[in-house]
Amino acid sequence: MTAQIIDGNALSKQLRTEVATRAQALKAKGITPGLAVVLVGDNQASQVYVRNKVKACEDAGLHSVLEKYEASMTEADLLARVEALNNDPSIHGILVQLPLPAHIDAQKVIEAISPAKDVDGFHIASAGALMTGMPGFWPCTPYGCMKMLESINYDLKGKHAVVIGRSNIVGKPMALMLLQKNATVTICHSGTKDLKAMTLQADVIVAAVGKRNVLTADMVKPGAVVLDVGMNRNDEGKLCGDVDFEGVKQVASHITPVPGGVGPMTITMLLVNTLEAAERASK
Ligand code: NAP
């Protein structure tokens, strides 16, 4: 079997076109969806991420503001900026790029964002909403994974999903989303005794670890769907995921590549959340 590739670029293009259309409809009512991206310090990777986010907004017709601050910015000043953005009616979504410099309490800053503008879905209110099935904002990466499953019309009811990784931004929310769609969910982590025994039972595997080859072909049940969230560098310095793509694609029914899989979907879901925030604010 050779797996069907779930193309994150193609799906993103389709979803971003839908975002642009909905943004136009809001604009006709005098509202331009707006995202504020706040970057503190000069982390190289963060600079690339925020540039990509701002460009994606512009391409979809969303208003975006990039606020860049020195690494020496105080926590109090950052909290004051977040408060100002909370009160700015032209801004519907606020994203504070992580990581923040060590002297700033990142969780405190996230909790300062109004839940109505928490388009990253990291606020404790968003986490609580996801856990209880209430309306809120879903974290973009696992939300993108759910869209990828939707794109292949995958019915999760009664399926066994194994999530490898339990971070607050990927693994845990991923597990809750799969649960909400009636999958039976197992969460694995660094303390899991026999990862292979878990993954071999899975109909769906989401790898969100940050280590190459965490998932190899011998660990995958034939016909399983494999979503690779990981972002690593191989020996040649090229971007790769957590999954041994060449091996696993011979066993899985569907697989996401890296690059071109979950990565572009993460930014796409940020646009979707920002649009959603603007639509909610307009009601
Ligand atoms: P993280 O906070 O470092 O979490 C990694 C998780 O993997 C932890 O729960 C850890 O377990 C678990 N783990 C570590 N080694 C393991 C092993 N050998 N077997 C099973 N589980 C193991 O990372 P993250 O923020 O969730 O990100 C995970 C990966 O996704 C990274 O490569 C990151 O760059 C990537 N990522 C990609 C996107 C995207 O847009 N494509 C977005 C976000 C993240 P413990 O909890 O026990 O330590």
Side-chain angles (χ1 to χ4, degrees), residues 5-9 11-12 15-16 37 43-46 48-53 55-56 95-100 106-107 110 119-122 126-127 130 137-149 161-178 185-202 205-216 218-220 226-234 237-245 248 255-273:
I5 308 292
I6 309 179
D7 182 341
N9 285 322
L11 181 56
S12 279
L15 291 171
R16 289 183 198 196
V37 179
N43 181 301
Q44 291 294 311
S46 293
V48 175
Y49 295 150
V50 298
R51 260 205 309 277
N52 290 344
K53 287 167 185 174
K55 182 170 184 310
L95 182 155
V96 178
Q97 185 65 43
L98 302 177
L100 287 168
Q107 198 56 42
I110 289 166
V119 287
D120 246 346
F122 295 165
S126 302
L130 170 59
F137 292 108
W138 284 6
C140 301
T141 301
Y143 191 8
C145 290
M146 293 305 284
K147 283 285 173 194
M148 292 179 115
L149 290 174
V162 170
V163 179
I164 319 175
R166 58 171 164 183
S167 70
N168 289 338
I169 62 169
V170 189
K172 276 187 220 159
M174 183 79 251
L176 288 168
M177 289 173 201
L178 292 162
V185 182
T186 300
I187 306 175
C188 299
H189 46 79
S190 67
T192 298
K193 246 188 182 165
D194 188 350
L195 183 63
K196 182 176 172 180
M198 298 297 148
T199 57
L200 274 175
Q201 296 174 36
I205 303 172
V206 183
V209 174
K211 283 181 190 158
R212 283 168 61 193
N213 298 330
V214 152
L215 193 76
T216 47
D218 58 312
M219 300 168 75
V220 178
V226 176
L227 307 182
D228 191 353
V229 177
M231 287 198 309
N232 311 294
R233 296 275 162 195
N234 67 15
K238 278 198 192 153
L239 189 65
C240 68
D242 289 346
V243 176
D244 169 23
F245 181 79
V248 171
I255 189 167
T256 66
V258 179
V262 176
M265 291 300 293
T266 296
I267 297 190
T268 299
M269 300 324 290
L270 174 68
L271 302 183
V272 169
N273 278 350

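In each ligand, atom 1 is the first atom listed, and ligand 1 is the first ligand listed.
The single protein non-hydrogen atom nearest to atom 23 (O) of ligand 1 is V209 O, 4.2 Å, given as residue, atom name and distance. For atom 29 (C) of ligand 1, the nearest non-hydrogen atom of the protein is G210 N, 3.7 Å. Of all protein heavy atoms, the one closest to atom 15 (N) of ligand 1 is K211 NZ, 2.9 Å. Regarding atom 27 (O) of ligand 1, its nearest protein heavy-atom neighbour is V170 CG2, 4.4 Å. What sits closest to atom 9 (O) of ligand 1 on the protein, heavy atoms only, is R166 N, 2.8 Å. Atom 1 (P) of ligand 1 has its closest protein heavy atom at S167 CB, 4.1 Å. What sits closest to atom 22 (C) of ligand 1 on the protein, heavy atoms only, is S190 N, 3.6 Å. Regarding atom 41 (N) of ligand 1, its nearest protein heavy-atom neighbour is V229 O, 3.5 Å.
Polar contact check, G171 against ligand 1: no nitrogen or oxygen pair lies under 3.5 Å apart.
Residue pairs meeting the side-chain hydrogen bond (donor to acceptor under 3.5 Å, both in side chains) criterion with at least one partner in residues 260-270, sequence neighbours excluded, are S12-T268, R16-T268, T141-T266.
Atom SG of C188 is separated from atom CG of L195 by 5.0 Å, given to the nearest 0.5 angstrom. The OG atom of S46 lies 4.5 Å from the CD atom of Q97; values are rounded to the nearest 0.5 Å. We find the CG-SG distance between D228 and C240 to be 8.5 Å, quoted to the nearest 0.5 Å. In this structure, the separation between CG on L178 and CG on L149 is 7.0 Å, given to the nearest 0.5 Å. In this structure, T192 OG1 and I187 CD1 are separated by 9.5 Å, a value rounded to the nearest 0.5 Å. For the atom pair OG1 of T256 and CG of L227, the computed distance is 5.5 Å after rounding to the nearest 0.5 Å.
With ligand atoms numbered from 1 in the order given, ligand 1 contributes 25 (O) to contacts under 4.0 Å with heavy atoms of I169. Shown in contact with G165 at under 4.0 Å from a heavy atom are these atoms of ligand 1, numbered in order with element: 6 (C), 7 (O), 9 (O). Those atoms of ligand 1 that come under 4.0 Å of a heavy atom in G263, given as number and element, are 40 (O), 41 (N). Atoms of ligand 1 lying under 4.0 Å from any heavy atom of I164, numbered from 1 in the order shown and given with element: 20 (C), 21 (N). For ligand 1, the atoms closer than 4.0 angstrom to any heavy atom of A208 are 5 (C), 6 (C), 7 (O), 28 (C).
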Under the side chain to side chain contact (heavy atoms under 4.5 Å, CB included) rule, what do F122 and N168 come out as? Steps first, then yes or no, please. CA-CA 8 Å; F122 295 165; N168 289 338; over 6 Å; no

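For Q107, the side chain to side chain contact (heavy atoms under 4.5 Å, CB included) criterion is met by D105, I110, E111, not counting sequence neighbours.
Residue T141 touches ligand 1 through its side chain alone, judged by heavy-atom distances below 4.0 Å. Counting heavy atoms closer than 4.0 Å to ligand 1, residue M265 contributes nothing at all. At a heavy-atom cutoff of 4.0 Å, ligand 1 is contacted by the side chain of T266 but not by its backbone.
You'll find the side chain of N232 reaches within 4.5 Å of the side chain of D242, heavy atoms only. By the 4.5 Å heavy-atom criterion applied to side chains, V258 and F245 are not counted as neighbours.
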